[in-house]
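Below is one structure, written out as structure tokens, with a few remarks after it.
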Protein chains: 2
Amino acid sequence: MKSDDMKIDKRHLRTIRTREKLLVAAREVFLENDFQTTTISQIIKRAGVGYGTAYVHFEGKDELLIVLMEDVMDRFHQVAEQPFEPGTAEEAKKQIEQQATAFLRLAEQEREMLRIVEQAIGVSYIIRAKWKQIRERFIERISRDVRYAQGSGLARSDLNPTLVARGWFFANEMYLFEVIREETTASIEEIAKTLTAVYTTGLYEHD
Amino acid sequence: MKSDDMKIDKRHLRTIRTREKLLVAAREVFLENDFQTTTISQIIKRAGVGYGTAYVHFEGKDELLIVLMEDVMDRFHQVAEQPFEPGTAEEAKKQIEQQATAFLRLAEQEREMLRIVEQAIGVSYIIRAKWKQIRERFIERISRDVRYAQGSGLARSDLNPTLVARGWFFANEMYLFEVIREETTASIEEIAKTLTAVYTTGLYEHD
DNA sequence: CAAACAAATTGACATTGTGTCAATATTATC
DNA sequence: GATAATATTGACACAATGTCAATTTGTTTG
């Protein structure tokens, strides 16, 4: 029994090690360069394995990155699933701003990996699809929140919740990429505050 | 004099013709396929010219598309430059909704070309930069409008106009791409109406 | 108008990267 | 220790790019 497992493990171990070596190398090479300019040759060289080996373990560059993305994805999903049950409009506003901040902060923390992901989104169909998953999960979640706020009389009911949710998420997403590219001058707090203010109470004065 | 010009023209004419043949062919091939899968070989074959010729006239696929983009770009710039001088918040709202509608309608009209452009944005640095130009022009324009509305007391003054403008444009831009991909279920009118409503007066009730 | 010149066109070539697969090396089983 | 199963490998075929010396086409000049 024990020796049986050991033997199976020994063989699997090599596989796992090789896979791991490839992932470590891939992360390094991706981060040192771009997604586009990174080649399989660079990765296998760094990993110290043969060329064909990469294709035994992964379908190509794309899949390598997808596996590397997984941790980051999980963290995004966590942010998406934060509870939202405000009693008043003020509370809602506060919670929304907090979530926007958390979203942008995550971008800041995972900047390096997300820089690569953004590049890959442009090039790789499969990674674009993966990102879309995250997006749709957020949007679905936000739609629920909008419906909740409408149901409890906090939010106006004349607007399609899904359309509202998409618009709100899109603004946040684009700022996310600006944060990743370090293109933004304002602080995350100010961005979140501004977006939330417009989203919840609008830009124009009302009496 | 006349014959002089004629002779110069005759030589130039060949160049112009070749260039034109390449552009026509490129448009066709791009539209029949994707940006990524389109190759120079396909284009020159369609244009009926030699391989090297393409590189004499254009630096590569990217530049070919940039030239093809120009018309569409111009139309976007036109939309961006529509006047905005509302007297009341109601008027402002109306004008903003109109511009959002015009923006999305343009996407619908130029869908085919913009589909290629979107793909190219992901792959090509230079085309990404070109798109960024359009974006910044819009954002700058919107920032001015926000400042105007703030100055005339129509809009709240406690928010950074540029941050607001970016957020607003981002939401519109993402919907633009959804329209291009024909991924949206709602009509352009409803999208514009919803985005504008949230942007101008906010999602939450106020007394 | 024909020789010399200038400009535009061409396709073969070197280069770079991908993905596949038959051969080889390693590990497990009998 | 022989055999079978599995993992690894790098050489190869293929696809696309961008370059450049040679060729073709058009212009000028004596």
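Sequence lines set the chain letters: A, B, ... in the order given, protein chains first and strands last, and positions in each chain run from 1. Values reported hereafter were calculated over all heavy atoms of this structure, with side chains retained and with hydrogens, waters and symmetry mates removed.
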In whole angstrom, what separates [X]'s [atom1] from [N]'s [atom2]?
X	N	atom1	atom2	value
Q36(A)	dT16(C)	CD	P	18 Å
F58(B)	dG18(D)	CZ	P	14 Å
I44(A)	dA11(D)	CD1	C1'	13 Å
R17(B)	dG26(D)	CZ	P	11 Å
R19(A)	dT6(D)	CZ	P	18 Å
K45(B)	dT10(C)	NZ	P	16 Å

Worksheet item: For the side chain to side chain contact (heavy atoms under 4.5 Å, CB included) test, which of I142(B), D145(B), V146(B) pairs with P161(B)?
Response: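 Only match with P161(B) under side chain to side chain contact (heavy atoms under 4.5 Å, CB included): V146(B).
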Worksheet item: Should the ring pair F138(B) and F76(B) be called parallel, tilted or perpendicular, given that the plane angle runs from 0 to 90° and is split at 30 and 60?
Response: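 Ring orientation of F138(B) relative to F76(B): perpendicular.
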Discussion item. Check the orientation of F177(A) and W131(A). Use parallel for under 30°, tilted for 30 to 60°, and perpendicular for over 60°.
Written reply: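 Aromatic pair F177(A)/W131(A) classed tilted.
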Fill in: Close residues, residues 118-128 of chain A, relative to DNA chain C [heavy-atom separation under 4.0 Å]
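By residue number: none to list.
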Sequence-distant partners of [X], salt bridge (Lys or Arg N to Asp or Glu O under 4.0 Å), two or more places apart:
X	answer
E70(A)	none
R128(A)	none
E97(B)	none
D158(B)	R156(B)

Pair up each side-chain donor or acceptor in residues 18-31 of chain B with any protein partner under 3.5 Å, not counting sequence neighbours, and list the distances.
unit_1 : atom_1 : unit_2 : atom_2 : d
T18(B) : OG1    : R14(B) : O      : 2.8
E28(B) : OE1    : R46(B) : NH1    : 2.7

When you compare the protein's N or O atoms with those of nucleotides 5-8 of chain C, which come within less than 3.5 Å of each other, and at what distance?
unit_1 : atom_1 : unit_2 : atom_2 : d
dA8(C) : O4'    : R14(B) : NH2    : 3.2

Got a list of protein N/O to nucleotides 17-20 of chain C N/O distances below 3.5 Å?
unit_1  : atom_1 : unit_2 : atom_2 : d
dT18(C) : OP2    : I40(A) : N      : 3.4
dG19(C) : OP2    : Y55(A) : OH     : 2.5
dG19(C) : N7     : Y51(A) : OH     : 3.2

Fill in: Contacts of type side-chain contact (heavy atoms from CB on, under 4.5 Å), residue T15(A), not counting sequence neighbours
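Listed in chain order: H57(A).
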Practice prompt. Please name all residues satisfying side-chain contact (heavy atoms from CB on, under 4.5 Å) with E140(A), sequence neighbours left out, ordered by chain then number.
Written response: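 Result, side-chain contact (heavy atoms from CB on, under 4.5 Å) vs E140(A): none returned.
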Worksheet item: Between K93(A) (side chain) and T196(A) (backbone), is there a donor-acceptor pair under 3.5 Å?
Response: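 No; zero donor-acceptor contacts below 3.5 Å.
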Discussion item. Once salt bridge (Lys or Arg N to Asp or Glu O under 4.0 Å) is applied, what residue pairs with a partner in residues 173-202 of chain B remain, sequence neighbours excluded?
Written reply: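 Listed once each, the pairs are K132(A)-E183(B), R166(A)-E178(B), R105(B)-E189(B), R111(B)-E182(B), E118(B)-R181(B), R135(B)-E173(B), R181(B)-E183(B).
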Worksheet item: Which parts of residues 21-35 of chain A get close to DNA chain D, meaning a heavy atom less than 4.0 angstrom away?
Response: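 Heavy-atom contacts with DNA chain D come from no residue of residues 21-35 of chain A; none.
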Worksheet item: Is there a donor-acceptor contact under 3.5 Å linking the side chains of Q82(A) and R141(A)?
Response: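 R141(A) and Q82(A) do not have a side-chain donor-acceptor pair below 3.5 Å.
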